[in-house]
Amino acid sequence: MSDVVRTRFAPSPTGFMHVGGVRTALFAWLLARQNNGQFILRLEDTDQKREVEGSAEHLMSALHALGLNYNEGPDIGGPFAPYKQSERLDHYKAWAQKLIDAGRAYADPYTQAELDSFREQARTEKKAFLFRDHRPENPPVWDGSTPLRLKSDPKAYTWHDEVMGDLSTGPDVIDDIILIKSDGFPTYNFAHIIDDVEMEITHIIRGQEFIASQPNYLNIYEALGIERPILATMPHILGDAGTKKLGKRDGAKDVLDYLKEGYLPETMLNFIASLGWNDGTEQEIFTVDELIAKFSLDRVQHSGARFDEKRLEWMNGQHIRLLSIDDLYTRIADFWPASAVNATEEHKKEILTLVQDRMKTLADLPMLTEYFFADPTSDWTMVDDNKQLSKFSKDELKELLRHAIDALKDSEFTPNAIQETLNTLLETTGQKPGILFSLIRLAVSWAPFSPALNDTLNALGKDTVIQRLQTAIA
RNA sequence: GGUCUCAUCGUCUAACGGUUAGGACACCAGGUUUUCAUCCUGGCAAUCGGAGUUCGAUUCUCCGUGAGAUCACCA
């Protein structure tokens, strides 16, 4: 085995990248990164029927979008290329031949109907079906037209899992599993073992669904006389119902959709890592570098966890606040309201600074900033809905706005100067801030909320402020 | 049904066998900010059940219960 850490993410190209897949990939990636090792992408495309067009490209773009970059992979090659199983059939055949020569693999002589009846029989006897109960005494020579099966060596196993601890099973789970299908492609069960050995993978990180077949893999390692990698099993991420493994059917979402909705990649990584892992402190927000430094398999939870979108939202807000304005500006480029098309970079950054603290996702931007770029439509029902303002008549309010126009017209337009002007206005009109400021705020924005009034006015600029106030009293 | 695994607030989780069982999200109530959001303070809220070991059990053991995974020429 290699003495550098080599981990892999080995999805089958049968769909999109959901959060469960991201976590498996993330933990493998973190392990490689924190040990200065390598992270490998391998496509397990041995089931031609289930393969989905474009899925491989999708998986790769999702990994890139999240920053989970791999050192070797189907699109970039590497010392153990190819990294697509469909292009490695000769490797599997060669290893299979070793097993045949050693008398540890044989041709499956049964028809589908015969197999079905064996299964049916097991079901009526309320037993688990074992193919080896029907192992033929004199199997035909394997010509590739029928499945090739392992001649298993049933025994009890105890093995160590870096996450789950010591696991054990009895001999009755060991069976003569299929190594090569009748279409010439290997099964996952066989192919991944060969590839992991040849690619010098040191740690296998995968989902809980493989725990049941792990003893059979151990049996193959032994039959092949090869050392097995370190094993780590991740618990499942559960759907909203909280009871089932998160699958596409339960509304498992494409991780790229979260990015499109304005979640940051680092939020996704932080959140998905935290779902079943913590560093033992009370820290909740981790940068990617902190995750790399602090991650450890032995602190991964044993049980499944639910994906809570509320918590994800909160966490995204936290990560957005961690961003510098320049960084945020770059990332939020696609989210500006259409009306911002002619705004300068400087102006947009100024506005971004005002609203950064109140964004939960990047997609909140239009709602928060629309009125900075386009004149809002007056909506006096907002005044009526305001507990304090609704006590005044419209004429009284317009009179107040006229005072505001006069004062602001002569004011310097910096945040501080505006604040002074507003404070003076409070004295001259004898109004409470809750009334005067709310009124001005509404008259210039007609929005349910906005940043501090002086900052808002400053960002709008004097001409716009005066013009909007005049529109309001017209 | 067989096999395997898991089990702390509604959710994510912390707790060398000794804590008033801690934190975070959500929720509720106050407070600050002109408003909203943010922010601050406080509140609500959990060890699945039963035995056993122990001076002492969330923690170790056993038995239940519940949940999940798996039992494909899918991965």
J.: Need one value for K432(A): base, sugar-phosphate or nothing, where a base atom within 4.0 Å counts as base even if backbone is also close, heavy atoms only.
T.: nothing

J.: Who is the Watson-Crick or G-U wobble partner of rU33(B), with both distances under 3.5 Å?
T.: none

J.: If the C1' atom of rC9(B) is compared with that of rA21(B), how far apart are they to the nearest Å?
T.: 10 Å

J.: Now, which nucleotide makes the Watson-Crick or G-U wobble pair with rC27(B), with each of the two distances under 3.5 Å?
T.: rG43(B)

J.: Can you find a side chain N or O atom of T46(A) that sits less than 4.0 Å from OP1 or OP2 on rA75(B)?
T.: yes

J.: A128(A) has a side chain; which of rA14(B), rG23(B), rC71(B) sits nearest to it?
T.: rC71(B)

J.: Between rC12(B), rA75(B), rA14(B), which one does the side chain of N189(A) approach most closely?
T.: rA75(B)

J.: Across all strands, who's sitting opposite rA67(B) as a Watson-Crick or G-U wobble pair, both distances under 3.5 Å?
T.: rU5(B)

J.: Describe the nucleic acid contact of F210(A) in one word from base, sugar-phosphate, nothing, applying a heavy-atom distance below 4.0 Å.
T.: base

J.: I'd like to know if the side chain of D364(A) and the backbone of K360(A) have a donor-acceptor N/O pair within less than 3.5 Å.
T.: yes

J.: For a quick test of reading the model: is some side-chain N or O of Q318(A) closer than 4.0 Å to OP1 or OP2 of rA24(B)?
T.: no

J.: Under a 3.5 Å distance rule, please check whether R42(A) uses its side chain to pair with a backbone N or O of Y83(A) as donor and acceptor.
T.: no

J.: When you measure from the side chain of D357(A), which nucleotide among rC25(B), rU38(B), rC73(B) comes out closest?
T.: rU38(B)

J.: Could you go through the salt bridge (charged side-chain N to carboxylate O under 4.0 Å, His left out) check for E396(A) and K391(A) one step at a time?
T.: CA-CA 10 Å; E396(A) 289 171 311; K391(A) 292 175 189 159; over 6 Å; no

J.: How is A447(A) classified with respect to the nucleic acid when contacts are heavy atoms under 4.0 Å: base, sugar-phosphate, or nothing?
T.: nothing

J.: When rounded to the nearest Å, what value does the distance between C1' atoms of rA67(B) and rC73(B) take?
T.: 32 Å

J.: Parallel, tilted or perpendicular, judged at 30° and 60°: which one describes the rings of Y110(A) and F131(A)?
T.: perpendicular

J.: Is K181(A) close enough to rC74(B) that one of its side-chain N or O atoms is under 4.0 Å from OP1 or OP2 there?
T.: yes

J.: How is Q208(A) classified with respect to the nucleic acid when contacts are heavy atoms under 4.0 Å: base, sugar-phosphate, or nothing?
T.: sugar-phosphate

J.: Compare the minimum distances between each of rU34(B), rA75(B), rG10(B) and the side chain of P433(A), then state the nucleotide with the smallest one.
T.: rU34(B)

J.: Distance alone, cut at 3.5 Å: any donor-acceptor contact between the side chains of D176(A) and S152(A)?
T.: yes

J.: Of the options rA75(B), rG68(B), rU35(B), whose atoms approach the side-chain atoms of S450(A) most closely?
T.: rU35(B)

J.: Would you mind telling me which of rA26(B), rU38(B), rA75(B) lies closest to the side-chain atoms of K310(A)?
T.: rA26(B)

J.: Could you tell me whether I180(A) contacts a base, only the sugar-phosphate backbone, or nothing, with contacts defined as non-hydrogen atoms closer than 4.0 Å?
T.: nothing

J.: Reckon L453(A) touches a base, only the sugar-phosphate, or nothing at all at heavy-atom distances under 4.0 Å?
T.: base

J.: Using a 4.0 Å heavy-atom cut-off, does T169(A) contact any base of the nucleic acid, only the sugar-phosphate backbone, or nothing at all?
T.: sugar-phosphate

J.: For the C1' atoms, the ones on rA24(B) and on rC6(B), what distance do you get once it is rounded to whole angstrom?
T.: 23 Å

J.: Could you give the distance separating rU54(B) and rU41(B) at their P atoms, to the nearest angstrom?
T.: 46 Å

J.: May I ask you to verify if any side-chain N or O of K360(A) is less than 4.0 angstrom from the OP1 or OP2 atom of rA37(B)?
T.: no

J.: Verify whether one side chain among Y188(A) and D47(A) offers a donor that lies under 3.5 Å from an acceptor in the other.
T.: no

J.: Partner of rC62(B) by Watson-Crick or G-U wobble geometry, both contacts under 3.5 Å, or none?
T.: rG50(B)

J.: Would you mind classifying the nucleic acid contact of R206(A) as base, sugar-phosphate or nothing, using non-hydrogen atoms under 4.0 angstrom?
T.: nothing

J.: Take atom P in rG1(B) and the same atom in rU11(B), then report the distance between them in whole Å.
T.: 26 Å

J.: If only side-chain N and O atoms of R299(A) are considered, is one of them under 4.0 Å from the OP1 or OP2 phosphate oxygen of rA15(B)?
T.: yes

J.: Measure from the side chain of R50(A), starting at C-beta and using heavy atoms only, and say which of rA75(B), rU70(B), rU3(B) lies closest.
T.: rA75(B)

J.: What's the closest nucleotide to the side chain of E282(A) if the choices are rA14(B), rG23(B), rU34(B)?
T.: rG23(B)

J.: Is the shortest side-chain N/O distance from R441(A) to OP1 or OP2 of rU35(B) below 4.0 Å?
T.: no

J.: So P451(A), base contact, sugar-phosphate only, or nothing? Heavy-atom distance under 4.0 Å.
T.: base

J.: If the P atom of rC16(B) is compared with that of rU53(B), how far apart are they to the nearest Å?
T.: 25 Å

J.: Using the P atom as the point on both nucleotides, what is the distance between rA57(B) and rA51(B), in whole Å?
T.: 12 Å

J.: With a 4.0 Å limit, can you tell me whether R119(A) has a side-chain N or O closer than that to the phosphate oxygens OP1/OP2 of rC71(B)?
T.: no

J.: Which of these nucleotides, rC6(B), rC25(B), rC39(B), is closest to any side-chain atom of S303(A)?
T.: rC6(B)

J.: Can you say whether the rings of F307(A) and F271(A) are parallel (under 30°), tilted (30 to 60°) or perpendicular (over 60°)?
T.: perpendicular

J.: Which part of the nucleic acid does G317(A) contact within heavy-atom distance under 4.0 Å: base, sugar-phosphate only, or nothing?
T.: nothing

J.: Please give the distance between the P atoms of rU58(B) and rA75(B) as a whole number of Å.
T.: 46 Å

J.: I need the minimum non-hydrogen distance between Q48(A) and D183(A), along with the two atoms involved.
T.: OE1-OD2, 3.8 Å

J.: Considering just the side-chain nitrogens and oxygens of R321(A), establish if one lies under 4.0 Å of OP1 or OP2 belonging to rC39(B).
T.: yes

J.: For rU38(B), what is the paired nucleotide under Watson-Crick or G-U wobble rules, both distances under 3.5 Å?
T.: none

J.: Is NZ or CZ of K349(A) both nearer than 6.0 Å to the six-membered ring centre of Y329(A) and within 45° of the ring axis?
T.: yes

J.: Taking the side chain of L167(A) as its heavy atoms from C-beta onward, which of rU5(B), rC73(B), rU3(B) lies nearest to it?
T.: rU5(B)

